[in-house]
Amino acid sequence: MNYDKLNKENLPMIGYGTWKLKNKEETIEIVKNAILNGYTLIDTAQAYANLEYVGKGIKASKIERNKLIISGKLWNADKESKESIVNACKKTIEDLNCGYLDLYLIHWPASKAVHKDWIEINAKTWEALEYLYEIGLVKAIGVCNFKKNQLEELLKTAKIKPLVNQIEFHIGFRQLETVEYCKKEGILVEAWSPLGSGKMLKVEELKEMALKYNVSVAQLCIRFCIQNGVIPLPKSKDNERQKNNIDVFDFEISKEDMKILNEFPYVGGSGLDSETITIFN
Ligand code: A2P
């Protein structure tokens, strides 16, 4: 095989999320800035409908391709067959114009609420991702939004373990059962919406705690993920906020405050549950 492996050791501690960026000229500058501001893991998805301009932003940064980890996701509508999955992966690479993907993820598991044969669908989809890995089109494979029991089923037939499981994770919604299971199985957890899509930034208790550390609430939220061993993927269009979100390595949340945050009441969750969801399947 003529490709390097992507593994836990070479994934950065923070990535940049591209959900909600538009497939328009303005995205070029935003993504370019993110890379110049130091983000090396760029999280993308076909479903974000912006790959062309995200790819142009990556190119505009002039960074060498092998200095970046570009992650893509397989959308539900493309799961039909091995062929459709291979084509979807190729299309993502083509749209991003990035040569290959470092990481390719199943965006959502088949929902129990819609598919009686969800276990089989997930197993077959994973088998196709394993094939993409074997032929070297992608350097590593993983999943998103899988809960503990969905992962348990997947691991019964998987030849390769997912490198990552990307889930909604922030102070107000921690999905402890899934996170603990991933840790036990050696699957890295990535956090989408680590700021609760911005909702965490308005929580008074968090504002007070952030003030104590002389950091922004966003930095507190991002550092919270890192100290829990989770890779946050914050999104920001703004140059200064992009810098702020990655500047989280010269303070540490105390053990006592981590306890408070790890017991924080539910707030700001998206409500998207991959076992009951019907809208994407
Ligand atoms: P903007 O793009 O204008 O910066 P999440 O990553 O949890 O989905 O949150 C993304 C939201 O949080 C976006 O609305 C983004 O707005 C906002 N945001 C990201 N970083 C910061 C920050 N450092 N301070 C304030 N708002 C932020």
Side-chain angles (χ1 to χ4, degrees), residues 12-45 47-50 53-54 57 69 71 73 105 107-108 144-145 164-175 178-179 189-228 230-251 253 261-262 264-274 280:
M13 289 165 103
I14 303 184
Y16 180 70
T18 61
W19 182 29
K20 293 188 180 159
L21 293 179
K22 297 189 179 125
N23 202 37
K24 285 189 175 164
E25 208 70 22
E26 63 187 45
T27 290
I28 300 179
E29 197 66 12
I30 292 169
V31 173
K32 181 183 106 179
N33 284 342
I35 294 169
L36 298 182
N37 286 330
Y39 294 86
T40 55
L41 166 59
I42 309 297
D43 183 73
T44 79
Y48 301 164
N50 58 14
Y53 281 87
V54 169
I69 292 169
S71 187
K73 303 190 193 88
L105 313 176
H107 205 148
W108 286 92
C144 305
N145 302 306
V164 305
N165 182 20
Q166 184 182 127
I167 58 172
E168 179 178 2
F169 179 90
H170 49 77
I171 292 169
F173 185 58
R174 297 174 301 280
Q175 306 212 56
T178 298
V179 172
V189 178
E190 290 184 331
W192 61 262
S193 285
L195 315 177
S197 293
K199 285 176 246 156
M200 290 301 112
L201 308 177
K202 299 189 187 97
V203 177
E204 275 316 312
E205 294 94 315
L206 300 183
K207 284 189 194 170
E208 276 168 35
M209 193 183 283
L211 207 59
K212 195 171 90 180
Y213 290 97
N214 199 21
V215 296
S216 67
V217 181
Q219 287 173 309
L220 184 80
C221 291
I222 290 165
R223 182 77 203 181
F224 167 78
C225 293
I226 294 171
Q227 287 187 218
N228 272 319
V230 170
I231 300 174
L233 305 171
K235 302 187 287 291
S236 181
K237 294 178 185 157
D238 180 80
N239 195 33
E240 290 311 311
R241 292 199 282 271
Q242 287 177 357
K243 287 185 195 164
N244 185 248
N245 293 350
I246 205 168
D247 178 20
V248 291
F249 296 100
D250 55 11
F251 77 102
I253 306 170
L261 298 179
N262 271 318
F264 212 76
Y266 173 85
V267 52
S270 70
L272 298 173
D273 180 326
S274 62
F280 299 149

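In this chain, numbering begins with 1 at the start of the sequence shown. Worth knowing before you read on, the calculation uses all heavy atoms, side chains too, and leaves out hydrogens, waters and symmetry mates. Both counts, for ligands and for their atoms, begin at 1 and track the order of listing.
Checked by atom type and distance alone, the side chain of Asn50 never pairs as donor or acceptor with a backbone atom of Lys24 at under 3.5 Å. Judged by distance alone, the side chain of Gln242 and the main-chain N or O of Leu36 form no donor-acceptor pair under 3.5 Å.
Here OG of Ser270 is found 3.5 Å from CD of Glu168. Values are rounded to the nearest 0.5 Å.
If you number the atoms of ligand 1 from 1 as listed, the ones under 4.0 Å from a heavy atom of Pro234 come out as 6 (O). Which parts of ligand 1 touch Lys237 is read off a 4.0 Å heavy-atom cut-off, strictly below it: atoms 1 (P), 2 (O), 4 (O). Close contacts between ligand 1 and Ala218 involve ligand atoms 22 (C), 23 (N) [criterion: under 4.0 Å to a heavy atom]. Remark: ligand 1 atoms within the under-4.0 Å shell around heavy atoms of Ser193 are 5 (P), 7 (O), 8 (O).
Residue contacts with ligand 1 for Pro194 involve both N, CA, C or O and side-chain atoms from C-beta outward (heavy atoms, distance under 4.0 Å). Using a 4.0 Å cut-off between heavy atoms, Asn245 contacts ligand 1 through its side chain alone, with no backbone atom that close.
Within a 6.0 Å radius of NZ in Lys22, no more than 12 heavy atoms belonging to other residues, nucleotides or ligands are found.
Looking at Glu168, Lys235, Lys199, it is Lys235 that brings a heavy atom closest to atom 8 (O) of ligand 1. With distances taken over non-hydrogen atoms, the option nearest atom 4 (O) of ligand 1 out of Ser236, Ser270, Ala191 is Ser236. Ranked by closest heavy atom to atom 7 (O) of ligand 1, the top entry among Leu201, Asn244, Leu195 is Leu195.
Distance from atom 21 (C) of ligand 1 to its nearest protein heavy atom, with residue and atom name: Arg241 CD, 3.4 Å.
No heavy atom of Ser216 sits closer than 4.0 Å to any atom of ligand 1.
For ligand 1, the polar-atom distance check against Ser197 finds a nitrogen or oxygen pair separated by under 3.5 Å.
Taking the side chain as every heavy atom from C-beta outward, Trp108 and Leu272 approach each other to under 4.5 Å.
Defined by atom type and a distance below 3.5 Å, a donor-acceptor pair is missing between the side-chain atoms of Asn245 and Ser236.
For Lys73 and Asp43, the salt-bridge test passes: some basic side-chain N is under 4.0 Å from an acidic carboxylate O.
Counting all heavy atoms, side chain and backbone alike, Ser193 lies closest to Lys235 at OG-NZ, 3.8 Å.
Within 4.0 Å of atom 14 (O) of ligand 1, not a single protein heavy atom is present.
Residues passing the side-chain contact (heavy atoms from CB on, under 4.5 Å) test with Asn262 are Arg174, Phe224, Asn228, Met258, sequence neighbours excluded.
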